Amino acid sequence: MTTIAGGTTVPGSGQDTLTRDALTVLQPGFPGTTAPDWLLRRLGEGLASVGLFGRNVASPEQLAVLTDQLRAEREDVLVAIDEEGGDVTRLEVRTGSSFPGNHALGAVDDVDLTREVAHELGRRLAQCGVNLNWAPSADVNANPSNPVIGVRSFGADPGLVARHTAAYVSGLQAAGVAACTKHFPGHGDTAVDSHHALPRIDADQSLLQARDVAPFRAAIAAGTKAIMSAHILVPALDGEHPATLSRRVLTDLLREDLGHDGLIVTDGMEMKAIASTYGIERGSVLAIAAGADAICVGGGLADDETVRRLRDALVSAVRSGELPEERLADAAARVRELAAWAGTRTAESGGTRTDDVGLMAARRALTVTRSTTHEPVSEPPFVAAFTPVANIAVGDETPWGVAAELARLLPGTETASFAGEGAAQAALASAGARRIVAVVRDAHRHAWMDAALDTLLAARPDTIVVEMGVPQSPPRGALHIATHGAARVCGRAAAEVIAG
């Protein structure tokens, strides 16, 4: 006898299959660096996927022990992680990534390099027991004011994004890790972060197909094992439902028109674009009905109660006739199919891979502009970090900037962070007579940051400017370095130039 939501008890093995399928389509997170008892129990009951976040990772060795713990309970479990490299890193959440992100790779525009970086990143994931990566981002950064994509995108040109997305998918999967290309049908032309509200893209069909959908076509051609949906409203495709909940987007467009036969995963269902409009239970039912196969939840909600609520919502929807049982069974079968693929994969050769491929890529991605008055830095400088509020995808746990790397090369380097009105005056007072290195991130998106640079450069024309976001503003300063991302290796590459 099995009890489902509402207190109904149903006899027979059919209900057991239904309950297992409902658990199978969930990709929950959990707190801590060891698996809690409730999670291990759910794996025994049918849960087939687990999502990892920065809170679950202390070191590669610890992560390997954790994934072994999960596989002792279920050998074919899918262990997923949000490891894009660059600004969004979970493997190196407390130190910053050893790999530049997509925007830096797009700036270099060497698809072989992108493939090598993805392969090495995948190799490290596989060594830790991770076999599904919620990456790469295939979004075309069409809106420079985009608050959540930015340097997570390869760039603003659809052709460039498409070829690097395909290369990334190939490299990652050659390392034995399934790629989950995101955020379909394209999150690049938004001015709203879907973690906070529901974005809307008002583009016509022809533009969507030529610009936003093109990289996903390339990913599918490259064999991406999974695609993640976006919590965005695209009226040209569906005027009522956001993409994650839209049959027109997930089934008609992605499955049938584009021919994607792999897994369809939702973005985090606790994000406010869904949670504040539909609720996670209703949203999960609608997503599976629309054609999604796996429900990602756990970035914010990470407990057994969330798993139970979603399982029971899916079971109740089947029993009420709202969700066809065949659709849930098909979704669960696709999850198991990917788990079987992942369980048989071994890494292929990475070709020219080196352990320093990330640093090599970061160095190649730099755009350096020197003025005629620039003089090399000979004494330890003062690093003024103008720090914006981090978006949720990046998080505020991961350090960024150039100060730590400069301090290695120029011992005695000091630093402080500044924000808002008065940031420049505070930085000038803190710097004293020392040479200033101003570090910014998307200065074009933050009026206070742009104004701070104006004030700083007027007072100290020899200031060095390091832009670690999307370099939309014209280069200025005695030396201007665009890193195309804020990964640790991007900071190191910039520090090498500053220190000569």
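A quick note: this is a predicted structure, and the numbers were derived from the prediction, not measured.
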Would you call [X]-[Y] a salt bridge at under 4.0 Å N-O?
| X | Y | answer |
| --- | --- | --- |
| Lys182 | Glu84 | yes |
| Arg248 | Asp257 | no |
| Glu305 | Arg309 | no |
| Arg334 | Asp261 | yes |
| Arg308 | Asp312 | yes |
| Asp293 | Arg255 | yes |

Results of side chain to side chain contact (heavy atoms under 4.5 Å, CB included) for Arg217 - residues two or more places apart only
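Testing Arg217 for side chain to side chain contact (heavy atoms under 4.5 Å, CB included), a comparison that skips the adjacent residues, returns Gln209, Val213, Leu258.
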Among residues at least two apart in sequence or on other chains, which ones pass side chain to side chain contact (heavy atoms under 4.5 Å, CB included) with Ala214?
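Residues passing side chain to side chain contact (heavy atoms under 4.5 Å, CB included) with Ala214: none at all.
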I want to know whether Trp448 and Phe418 have ring centres closer than 6.0 Å.
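When the ring centroids of Trp448 and Phe418 are compared, they turn out to be at least 6.0 Å apart.
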Any donor-acceptor N/O pair, [X] side chain to [Y] backbone, under 3.5 Å:
| X | Y | answer |
| --- | --- | --- |
| Ser137 | Ser153 | no |
| Gln69 | Val65 | no |
| Asn141 | Ile149 | no |
| Thr165 | Val161 | yes |
| Asn56 | Gly32 | yes |
| Arg90 | Arg55 | no |
| Thr244 | Ala230 | yes |
| Asp139 | His187 | yes |
| Glu467 | Thr483 | no |

Shortest non-hydrogen contact between [X] and [Y], atoms and distance:
| X | Y | result |
| --- | --- | --- |
| Asp442 | His446 | O-CD2, 3.2 Å |
| Gly150 | His103 | O-ND1, 4.3 Å |
| Leu310 | Ile295 | CD1-CG2, 4.3 Å |
| Pro199 | His231 | CD-O, 3.1 Å |
| Ala222 | Ala166 | CB-O, 3.8 Å |
| Arg488 | Glu405 | CG-OE2, 3.6 Å |

So Phe53 and Trp134, would you call those rings parallel, tilted or perpendicular, with 30° and 60° as cut-offs?
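Plane angle between 30° and 60°, so tilted.
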With sequence neighbours excluded, residues passing side chain to side chain donor-acceptor pair (under 3.5 Å) with Lys225
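Result, side chain to side chain donor-acceptor pair (under 3.5 Å) vs Lys225: none returned.
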Are [X] and [Y] close enough that a side-chain donor and a side-chain acceptor fall under 3.5 Å?
| X | Y | value |
| --- | --- | --- |
| Arg94 | Thr398 | no |
| Thr181 | Thr224 | yes |
| Thr306 | Asp303 | yes |
| Asn146 | Thr190 | yes |
| His164 | Asn102 | no |
| Glu256 | Thr251 | no |

Working note: Asp68 + Arg71, criterion salt bridge (Lys or Arg N to Asp or Glu O under 4.0 Å); need CA distance, chi angles, decisive distance, verdict.
CA-CA 5 Å; Asp68 284 345; Arg71 290 200 168 85; 5.6 Å; no
Is the count of non-hydrogen atoms from other residues, nucleotides or ligands lying under 6.0 Å from Gln127 atom CD greater than 12?
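Above 12, so yes.
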Tell me if the CG atom of Asp204 is crowded by more than 12 foreign heavy atoms within 6.0 Å.
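More than 12 heavy atoms, drawn from other residues, nucleotides or ligands, come within 6.0 Å of this atom.
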[X]: what forms a salt bridge (charged side-chain N to carboxylate O under 4.0 Å, His left out) with it, not counting sequence neighbours?
| X | result |
| --- | --- |
| Glu326 | none |
| Asp238 | none |
| Arg42 | Glu45, Asp304 |

Quick one: which of Val265, Val297, Thr266, Val335 gives a side-chain contact (heavy atoms from CB on, under 4.5 Å) with Gln27?
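Checked Val265, Val297, Thr266, Val335 against Gln27; only one passes side-chain contact (heavy atoms from CB on, under 4.5 Å): Val265.
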4.5 Å side-chain heavy-atom contact, Val489 and Phe99:
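Result no, sub-4.5 Å side-chain heavy-atom pair not found.
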When you measure from the centre of the six-membered ring of Trp400, is the NZ or CZ of Arg441 closer than 6.0 Å and no more than 45° off the axis?
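Output yes; distance and angle both within limits.
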